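Single-structure report; data block below.
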Amino acid sequence: ELPENLKALFRSVAMMVPDREIIIRVFLAAQGYQSYDKLAQKFRILYRLCEEQLSAQRHYDFGLRNIISVLRTAGTNLREALKKGDIKDRYDLEE
């Protein structure tokens with residue numbers, strides 16, 4: 001408990017948990033995916049299930065930093081596949 005004169009110097013702060021699906025959707029769209037809504041929902045469910053069902057060990061990281069890293073890699077793979085011409089239909093790769 002802080003004295004009243006110190007409490008007056010601090011501001012109250014409200015924090016909230018970010019909506020991961022919105023973040024994932026925006027990042028997928030920025031990486032060039034066309035069906036980003038459906039992919040974002042699948043990705044969020046995958047990460048939620050991993051968080052719930054895997055043991056809570058330090059090497060399991062399902063935070064935003066890890067999600068962004070995986071999405072960045074997915075975007076790189078999409079661009080490389082499109083550049084090589086390995087895919088005929090973009091939607092086949094995204095599914």
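For the single chain, residues carry numbers from 1 onward in sequence order. Quantities reported herein were computed from a predicted structural model and do not represent experimental measurements. Note: hydrogens, waters and symmetry copies are ignored here, and every other heavy atom, side chains too, is used.
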Heavy atoms of E51 and R20 approach each other most closely as OE2-NH1, 2.9 Å
Report, as yes or no, whether the 6.0 Å neighbourhood of atom NZ on K7 holds more than 12 heavy atoms from other residues, nucleotides or ligands. yes
Do you know which two heavy atoms are closest between L64 and P18, and how far apart they sit? CD1-CG, 3.8 Å
Side-chain (R44) to main-chain (A40) donor-acceptor, under 3.5 angstrom: no
Taking the side chain as every heavy atom from C-beta outward, state whether L54 and F62 have any atom pair closer than 4.5 Å. yes
So how far is it from N77 CG to L82 CG, rounded to the nearest 0.5 Å? 11.0 Å
dist F43:CZ -> L71:CG (nearest 0.5 Å) comes out at 4.5 Å
Is it possible for you to say whether L39 and I68 belong to one hydrophobic cluster, with membership spreading through side-chain heavy-atom contacts below 4.5 Å? yes
Decide yes or no on side-chain contact (heavy atoms from CB on, under 4.5 Å) for I67 and F27, but give the supporting numbers first. CA-CA 10 Å; I67 291 172; F27 210 87; over 6 Å; no
Looking only at atom types and distance, does a side-chain atom of Y33 sit under 3.5 Å from a main-chain N or O of A74, one as donor and one as acceptor? yes
Among the clusters formed by ILVMFWY side chains lying less than 4.5 Å apart, do I22 and I45 turn up in the same one? no
Determine, for K84 against E80, whether the closest basic-nitrogen to carboxylate-oxygen distance falls under 4.0 angstrom. no
Which value, rounded to the nearest 0.5 Å, describes the distance between E21 atom CD and I24 atom CD1? 7.0 Å
Within the 4.5 Å heavy-atom criterion, are I23 and D19 side-chain neighbours or not? no
